[in-house]
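Data first, discussion second: the structure below is written as structure tokens.
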Amino acid sequence: MDNIEFEVACPYCGQTFLVSSQPGIQVQCQCPNCQQDVIVDAPTVDNYVLSESDFEDSQINSYQSETNYPQQATPEIHYYPIGAQQNNNNQQYAATVLPPQDPPVYDKKQSSTAKKLIIPLLIIALLLGGAAFWFFGIYTPKQKELADYNSAKTKGDVYAAREFLSKHQSDALPEHKTSMETIVKAFVNDSIAWHSTKYGLSEDNLKKSVSLLENYLRDYPKGGHRNEASSELSRYNRLVAADEEARNKVVEIEMVTDGYSMRSYYCNYGSHQASNGNGGTTYYAESQYISVPVGRAWRIVTYDWNYTVSRMYYPEIVLDNGYRISINEAGNGYLIPGGHSFKIHTKPMYSSDYYTYKLKIYFHEDDF
């Protein structure tokens with residue numbers, strides 16, 4: 001009898017492979033996939049056994065046309081264990097053959113209905129996919145960008161602006177990006193302006209320093225250095241006030257005389273005096289020379305003068321070069337330049353009795 005071929009499904013790995021043997025006998029074979037030993041019963045098909053030659057197309061067609069028998073389907077094989085015998089650590093199984101089942105019959109009407117459902121399902125899937133893309137790919141990032149922008153704008157500092165620009169380099173709205181870049185640019189300009197201001201501060205030029213600080217605070221009222229600038233401005237204003245006070249100069253003279261002799265003479269800048277040759281001191285009715293610093297000038301502001309006689313000569317300002325001018329002629333605003341010195345000459349009137357003479361001349365020391 002010729003051998004037949006039939007398919008066997010391996011109970012170990014599930015792979016299918018062909019087995020060739022005589023029909024109706026028990027066959028032990030090895031799965032080519034997992035190398036396990038399998039025992040099967042070769043099937044029989046009624047009283048007719050298919051041989052290897054029966055699988056040729058011409059003979060199959062001839063046979064079907066002559067006998068009008070339906071083509072046999074591959075038999076289904078079920079396996080059951082026949083024992084716990086071990087062969088090279090492989091358990092053996094036996095198989096039985098069930099009658100072949102008819103191939104499934106497809107309903108054309110059901111197939112057409114399934115095809116009609118595919119298009120609506122595809123449309124729904126596309127709509128859902130588009131909605132998901134819009135929500136997660138467009139709407140959510142825009143909302144996140146807007147929230148980050150509002151937060152950075154509320155804070156209003158350069159650190160928040162830089163963080164926003166870093167997080168939203170590609171998806172920031174143009175107006176949001178411009179707004180944050182403006183904050184960063186303002187910070188850079190503020191830093192440059194403060195550095196320039198601080199570099200120009202000097203106690204040797206108080207007015208310039210005050211002007212620089214006032215300009216910075218005017219141009220950058222919300223600048224990052226406004227607190228430091230305000231503190232420095234307060235300090236320089238105190239220095240200016242102290243310097244202004246120091247620039248107010250007063251030459252004060254008090255004397256008691258009868259025009260012939262001096263009973264007493266006082267000048268806050270010192271008096272001009274000399275020995276009379278008898279061990280005594282002769283006072284002249286004038287102060288010592290008063291020096292005006294280089295780079296400055298003493299400007300007459302006003303004077304206060306009183307005496308206890310009926311009339312008096314005007315006091316004179318005598319410069320170191322010999323030039324003389326009365327305070328009445330000089331008037332307010334008269335300047336004595338720096339690098340020179342001057343004295344106040346209080347020319348007395350002759351009287352039969354001693355009288356009191358008081359004079360105060362107010363100067364302001366200007367930069368010159």
statement: Separation between OH (Tyr314) and CG (Leu359), nearest 0.5 Å, reads 12.0 Å

field: Test side-chain contact (heavy atoms from CB on, under 4.5 Å) applied to Trp298 and Ile317, Ile290, Ile361, the passing residue
entry: Ile290

field: Electrostatic pair Asp243-Arg238, nearest N-O below 4.0 angstrom
entry: no

- prompt: Between the main-chain N or O of Ser261 and the side-chain N or O of Asp258, is there a donor-acceptor pair closer than 3.5 Å?
  reply: yes

Side-chain touch Val8/Thr16, heavy atoms, less than 4.5 angstrom: no

- prompt: Quick check: are there more than 12 heavy atoms from other residues, nucleotides or ligands sitting under 6.0 Å from CD of Glu245?
  reply: no

task: Report yes or no: do Met255 and Met349 belong to one cluster of Ile/Leu/Val/Met/Phe/Trp/Tyr joined by side chain heavy-atom distances under 4.5 Å?
output: yes

- request: Give the intermediate values and the outcome of side-chain contact (heavy atoms from CB on, under 4.5 Å) for residues Leu233 and Val210.
  value: CA-CA 6 Å; Leu233 180 60; Val210 169; 3.9 Å; yes

query: How would you list, by chain and number, every residue that makes a side-chain contact (heavy atoms from CB on, under 4.5 Å) with Asn215, sequence neighbours excluded?
result: Ser211, Arg218

task: Step by step, work out the side-chain contact (heavy atoms from CB on, under 4.5 Å) result for Gln28 and Val38.
output: CA-CA 6 Å; Gln28 180 176 345; Val38 180; over 6 Å; no

- request: Can you tell me which residue pairs pass the side chain to side chain donor-acceptor pair (under 3.5 Å) test with a partner in residues 284-293, sequence neighbours excluded?
  value: His272-Glu286, Glu286-Lys343, Glu286-His345

- prompt: Phe363 ring centre to Lys249 NZ or CZ under 6.0 Å, with the angle to the axis within 45°?
  reply: no

message: Connecting only ILVMFWY residues whose side-chain heavy atoms lie within less than 4.5 Å of each other, what is the rest of Ile123's hydrophobic cluster?
response: Ile119, Leu127

query: Do Glu145 and His176 come close enough that some side-chain heavy atom pair is under 4.5 Å?
result: yes

Donor-acceptor contact below 3.5 Å, side chain Ser166 vs main chain Arg162: no

- prompt: Does Glu163 reach the side chain of Lys167, with side-chain heavy atoms less than 4.5 Å apart?
  reply: yes

query: Is it true that atom OH of Tyr266 has more than 12 heavy atoms of other residues, nucleotides or ligands lying nearer than 6.0 Å?
result: yes

query: Cluster question for you: counting only ILVMFWY and a side-chain heavy-atom cut-off of under 4.5 Å, with indirect links fine, are Val318 and Tyr313 together?
result: no

query: What's the shortest heavy-atom distance between Glu252 and Asn268, and which atoms?
result: N-OD1, 2.9 Å

task: Take Val292 and His340, measure what side-chain contact (heavy atoms from CB on, under 4.5 Å) needs, and give me the verdict at the end.
output: CA-CA 6 Å; Val292 178; His340 292 273; 5.7 Å; no

statement: Excluding Val256, membership of its hydrophobic cluster (Ile, Leu, Val, Met, Phe, Trp, Tyr; side-chain heavy atoms within less than 4.5 Å) reads Tyr354

field: Check against side-chain contact (heavy atoms from CB on, under 4.5 Å), Met180 and Ile183
entry: CA-CA 5 Å; Met180 294 297 104; Ile183 293 176; 3.7 Å; yes

side-chain contact (heavy atoms from CB on, under 4.5 Å) partners of His225, counting only residues at least two apart: Asp190, Ser191, Trp194, Tyr216, Glu228

Let me check something: any side-chain donor-acceptor pairs from residues 300-311 under 3.5 Å, sequence neighbours excluded? List them with distances.
| from | atom 1 | to | atom 2 | distance (Å) |
| --- | --- | --- | --- | --- |
| Trp305 | NE1 | Tyr357 | OH | 3.2 |
| Thr308 | OG1 | Thr356 | N | 2.9 |

- prompt: Side chain of Ser209, backbone of Asn205: donor and acceptor closer than 3.5 Å?
  reply: yes

- request: Look only at the side chain of Thr197 and the backbone of Ala193, and say whether a donor-acceptor pair between them is shorter than 3.5 Å.
  value: yes

message: For a quick test of reading the model, state the closest non-hydrogen atom pair linking Tyr355 to Gly259 and the distance between them.
response: CE2-N, 4.3 Å

task: Kindly work out whether a path of hydrophobic side-chain contacts (I/L/V/M/F/W/Y, heavy atoms less than 4.5 Å apart) joins Tyr265 to Tyr269.
output: yes

- prompt: Looking only at heavy atoms, which two atoms of Cys13 and Asn33 are closest? And how far apart?
  reply: SG-ND2, 3.2 Å

query: What pair of heavy atoms forms the shortest contact from Ala160 to Lys155, and how long is it?
result: CB-CD, 3.8 Å

message: For Pro293, is there any backbone N or O sitting under 3.5 Å from a side-chain donor or acceptor partner on Arg296?
response: no

field: Co-members of the apolar cluster containing Leu122 [side chain, <4.5 Å]
entry: Ile118

Rounded distance (nearest 0.5 Å) linking atom CG of Leu126 with atom CG of Leu121: 11.0 Å

query: Listed by chain and number, what are the salt bridge (Lys or Arg N to Asp or Glu O under 4.0 Å) partners of Asp366, not counting sequence neighbours?
result: Arg299

message: So Asp41 and Val27, do their side chains get closer than 4.5 Å, heavy atoms only?
response: no

query: What is the distance from atom CD1 of Ile336 to atom CZ of Phe342, rounded to the nearest 0.5 Å?
result: 4.0 Å

statement: CG of Leu212 to OG of Ser196, rounded to nearest 0.5 Å, is 7.5 Å

- prompt: What is the minimum heavy-atom distance between Asn150 and Thr154, and which atoms define it?
  reply: O-OG1, 2.8 Å

- prompt: Counting only N and O atoms by type, is there a donor-acceptor contact under 3.5 Å from the side chain of Thr178 to the main-chain atoms of Pro174?
  reply: yes

task: Output every pair passing side chain to side chain donor-acceptor pair (under 3.5 Å) with a member in residues 322-334, not counting sequence neighbours, ordered by first then second residue.
output: Glu316-Arg324

message: In this structure, would Leu335 and Ile325 fall into the same cluster of hydrophobic residues linked by side-chain contacts under 4.5 Å?
response: no

Flag side-chain contact, heavy atom, 4.5 Å: Lys360 against Val251: no

query: Ignoring hydrogens and geometry, is there a side-chain-to-backbone donor-acceptor pair from Ser234 to Ser230 under 3.5 Å?
result: yes

task: Is it possible for you to say whether Phe164 and Leu146 belong to one hydrophobic cluster, with membership spreading through side-chain heavy-atom contacts below 4.5 Å?
output: no

query: Which distance, rounded to the nearest 0.5 Å, do you find between the CZ of Arg247 and the NE2 of His364?
result: 6.0 Å

message: Which residues pass the ring-ring contact (aromatic ring centres under 6.0 Å, His included) test with Tyr199, not counting sequence neighbours?
response: none

message: I'd like to check the side-chain contact (heavy atoms from CB on, under 4.5 Å) partners of Glu203; sequence neighbours left out, ordered by chain and number.
response: Leu206, Arg235, Tyr236, Leu239

message: Tell me if a side-chain donor or acceptor on Asp320 pairs with a main-chain N or O of Ser341 at a distance below 3.5 Å.
response: yes

field: Rounded distance [0.5 Å steps], CG in Leu213 versus CG in Leu201
entry: 5.0 Å

query: How far apart are the closest heavy atoms of Pro43 and Ile4, and which atoms are they?
result: O-CD1, 3.4 Å

- prompt: Who else is in Ile124's hydrophobic cluster (ILVMFWY, side-chain heavy atoms under 4.5 Å, direct or via others)?
  reply: Leu128

